[in-house]
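Structure first, commentary second.
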There are 2 protein chains.
Amino acid sequence: MSKGNKITIHDISKALNIDSSTVSRALNNSPRVSVKTREKIQKKATELGYQRNSLASNLRTNRTNTIGVIIPRIARHFFATVIAGIEETAYEEGYNVVICQSLESLDREIKIMNSLASNRVDGILISTSMETSKFDHIKSYIDNNNPVVFIDRPSEAFPECSNISIDNFKASYDATKLLIEKGRKHIAHFSGPQNIGLYQERKKGYMSALQEHNISINKNYIFESILSEEDGISCAKKLLKYPEIDGLYSANDTAAISAIQYLKTKGIQIPKQIAVIGFNNDPISEVIEPSLTTIHQPGFEMGKLATEMLVHQIKNKSDKGIHHSKILVPELIIRKSSENE
Amino acid sequence: MSKGNKITIHDISKALNIDSSTVSRALNNSPRVSVKTREKIQKKATELGYQRNSLASNLRTNRTNTIGVIIPRIARHFFATVIAGIEETAYEEGYNVVICQSLESLDREIKIMNSLASNRVDGILISTSMETSKFDHIKSYIDNNNPVVFIDRPSEAFPECSNISIDNFKASYDATKLLIEKGRKHIAHFSGPQNIGLYQERKKGYMSALQEHNISINKNYIFESILSEEDGISCAKKLLKYPEIDGLYSANDTAAISAIQYLKTKGIQIPKQIAVIGFNNDPISEVIEPSLTTIHQPGFEMGKLATEMLVHQIKNKSDKGIHHSKILVPELIIRKSSENE
DNA sequence: TTGTACGCGTTATCAA
DNA sequence: TTGATAACGCGTACAA
């Protein structure tokens, strides 16, 4: 808090012999004050170095013009693009944005929700953490008639809530199908935590593609983890126990990339011996050799859409019950790691 | 704002026939209330779904327990590590963190400063934007006796302010020296905007290393830009006009990486024909082929230290005048792009 | 167009 | 240990 900046509307009021209510109106560009007084007041305000106290203002008006954003990790490329979309739309609409990262921890997510709620943000955009299987913190926030829009990781617990996501099933299906079309017969899958819907969908898409092409599903070929860099390596090690494997579809790029690097050290030729497809279109996927075929999620657009929805909900709280959701179609980006030479 | 959550301490007060001041004390775990009443109050509070209003509390106490952070771009790896350090220390110390990105725009930086100031954050950590050559917004904030600590990009405009940075000169000197020791005679430099101190230092370090090894400085070998991906490519193109160039020290990894990729498409062998060193230890630097020799900045530690300093300043506003700064030593990470085969 | 008066929810101060 | 009261800075009905 600015201990030094003690200038309030009352100081301006006294300095000009104008009532503080008029000062308030002038500083808010209300039409209910003459142009002349307004200019006089605004001039004095800058002269005195007046700095509005949003705490008081927000307390009085019961609005903060602020949107809270909770995501697992800001450094992840996909979320960074989502944030860019959120900020662009939010600023256009006159909202500030407070970005918080849960670091995939439920405990942190709960603390952040409480903090945002007690600071009275006007609404929350959330992509839940991997640990989030209980939803009480979100439920109580929603039950108090607060707007929430889910991004990327919709929750079945709130079918009535708006959410923006992508068609994970289709993306996975298409990726797996591509490998099949390239002649791969034994395709492995690095799957994510199965308590999370989107990773379930990705696994289903993989399995569905196999089935529809009359390839039997081998459970040994499915390696579940949280898809960290280390997981990519350890899963790649396990994968090598099945020398017949000639394709890999990983539910994210991180694990795909570290797996490729590990496999290369073991003398495996990518894609000749094992073709690889990832998910997320991480910047590294373009640089690694061979460049990684992957799935691009329209993060920026997702952020924009989610923010538009949230702002709409904020402005029309009566629409609360209405379910506005959107499922976008991700794009398969074909690079070298999936191609036959 | 939660329109639904109308529960205040007064509601609890009425429900229990206890004065609201006692309720306030109980909810703040004040020792000045009996254990029995406190428990009764806290029970009732959760029962009614009470959610503290921080706006009111902060207005009254004149503190927000919140630190504002202004950085150019959260997605950049270095800043992501800085943020991690900031958050860890801040939470330990009981502070919330509000992260804002200027996107290297002075205009946005000013708006963010105003917003943070009017929301009465307790202090600000800032890494100024590339555009920031005027400092009025920061000056007026500091002049109002608000704590500020500069990170990574200290400003000569505020010699009395604390800042955490690294020894850019030494890092550059060492990098350039390494290239010289590897026998490179014609070393180019991708330099950053020279209105920014740290890029000046990096250029100076480069030039100093050449001089001290009796290599004359060729101004044609120095290419200035904002070091974006596109700049890396265009500078690489220009660089090819000087076929004698056999070494490149880039003031960041982004430009070094795109340059390497461009040069490879032109059939240039890295490092055989041109050895390359970057700056920042971006995750891509490890994956690209050849892996990129680069300079690692201790971002996490910088974030921690800066936050510790800021918190100290917040708690001891009298120390304001005292200049606490720290210059850390970055680490040269030697990979393949600088090594002779 | 401007002024009066009050309240937003909380906490600090003083008194009981 | 608890209660009564005022105040933080601002915005807004209502009156003038």
Side-chain angles (χ1 to χ4, degrees), chain A residues 1-42 44-45 48-65 115 117-122 144, chain B residues 1-42 44-45 48-66 117-122 144:
Chain A
M1 219 327 286
S2 79
K3 267 280 184 337
N5 195 348
K6 284 279 189 194
I7 308 297
T8 74
I9 54 174
H10 300 291
D11 297 313
I12 301 173
S13 163
K14 280 173 203 156
L16 296 174
N17 246 316
I18 298 177
D19 192 83
S20 59
S21 59
T22 305
V23 175
S24 171
R25 283 189 279 259
L27 293 176
N28 286 313
N29 287 314
S30 159
R32 301 174 61 80
V33 58
S34 75
V35 180
K36 202 179 141 197
T37 359
R38 177 192 338 199
E39 284 172 356
K40 193 161 61 175
I41 289 171
Q42 293 184 333
K44 197 68 177 180
L48 294 178
Y50 170 77
Q51 170 66 260
R52 118 190 262 114
N53 186 331
S54 294
L55 296 173
S57 172
N58 295 338
L59 174 63
R60 189 65 179 74
T61 60
N62 219 18
R63 294 185 313 114
T64 55
N65 286 313
S115 169
S118 80
N119 280 293
R120 298 297 190 264
V121 295
D122 293 337
N144 278 320
Chain B
M1 219 330 285
S2 77
K3 268 281 183 335
N5 193 350
K6 284 282 188 192
I7 307 298
T8 72
I9 54 173
H10 299 292
D11 297 314
I12 301 172
S13 163
K14 279 173 204 159
L16 296 175
N17 247 318
I18 297 177
D19 192 81
S20 59
S21 57
T22 304
V23 175
S24 172
R25 282 188 282 258
L27 294 175
N28 287 312
N29 288 313
S30 159
R32 302 175 61 79
V33 58
S34 73
V35 180
K36 200 179 143 198
T37 358
R38 179 193 336 203
E39 283 171 355
K40 194 161 60 173
I41 290 171
Q42 293 183 335
K44 197 67 174 179
L48 294 178
Y50 169 78
Q51 168 67 257
R52 119 191 260 114
N53 186 331
S54 293
L55 297 173
S57 173
N58 294 340
L59 173 63
R60 188 65 179 82
T61 59
N62 218 18
R63 296 186 312 114
T64 55
N65 287 314
T66 299
S118 81
N119 280 293
R120 300 295 190 264
V121 294
D122 293 337
N144 279 319

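As the structure is a prediction and not an experimental result, all values here were calculated from the model. The basis for the numbers below is simple: all heavy atoms, side chains too, and nothing from hydrogens, waters or symmetry mates. Chain letters run A, B, ... following the sequence lines, proteins first, then strands; residues in each count from 1.
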### Verdict with reasoning, B:Arg25 to B:Ile41, per side chain to side chain contact (heavy atoms under 4.5 Å, CB included)
CA-CA 10 Å; B:Arg25 282 188 282 258; B:Ile41 290 171; over 6 Å; no
### Query
Could you go step by step and tell me if B:Asn119 and A:Asn58 meet the side chain to side chain contact (heavy atoms under 4.5 Å, CB included) rule?
CA-CA 10 Å; B:Asn119 280 293; A:Asn58 295 338; 4.0 Å; yes
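When heavy atoms are screened at a 4.0 angstrom cut-off, A:Thr37 is found touching the sugar-phosphate backbone but no base atom.
Atom pair A:Ile9:CD1 and C:dT4:P shows a separation of 14 Å (rounding to whole Å applied). At whole-Å resolution of the value, CG in A:Leu16 and C1' in C:dG3 are 15 Å apart. Between A:Asn62 atom CG and C:dG9 atom P there is a gap of 7 Å when expressed in whole angstrom units. Atom CZ of B:Arg120 is separated from atom P of D:dG9 by 8 Å (rounded to the nearest Å). Separating the NE2 atom of A:His10 from the P atom of D:dC8 is a distance of 8 Å, rounded to the nearest angstrom. If you take CG of A:Leu59 and C1' of D:dG11, they are 11 Å apart, rounded to a whole angstrom. Separating the CG atom of A:Asn53 from the P atom of D:dC10 is a distance of 6 Å, rounded to the nearest angstrom. Going from atom CD1 of B:Ile7 over to atom C1' of C:dT10 covers 16 Å, rounded to whole Å.
One finds the OG1 atom of B:Thr8 at 13.0 Å from the CZ atom of B:Arg52 (value rounded to the nearest 0.5 Å). Note that OG1 of A:Thr64 and CG of A:Asp122 are 3.5 Å apart. Values are rounded to the nearest 0.5 Å.
Distance from the side chain of A:Ser34 is smallest for C:dT2 among the nucleotides C:dT10, C:dG3, C:dT2.
Residue B:Arg52 places at least one side-chain N or O closer than 4.0 Å to OP1 or OP2 of C:dT11.
Both B:Arg60 and B:Arg38 lie near DNA chain D, and the one whose nearest nucleotide falls closer to the 5' end is B:Arg38.
Using a distance-only test at 3.5 Å, with no hydrogens or angles considered, a donor-acceptor pair links the side chain of B:Thr61 to the main chain of B:Ser57.
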Side-chain donor-acceptor pairs under 3.5 Å in residues 14-23 of chain B, sequence neighbours left out?
unit_1, atom_1, unit_2, atom_2, d
B:Asp19, OD2, B:Ser21, N, 2.9
B:Asp19, OD2, B:Ser21, OG, 2.6

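Using a 4.0 Å cut-off on heavy atoms, the residues of residues 19-30 of chain A that approach DNA chain D are A:Ser21, A:Ser24, A:Arg25, A:Asn28, listed by number.
The nearest pair of heavy atoms linking A:Leu27 to A:Tyr50 is CD1-CE2, 3.5 Å.
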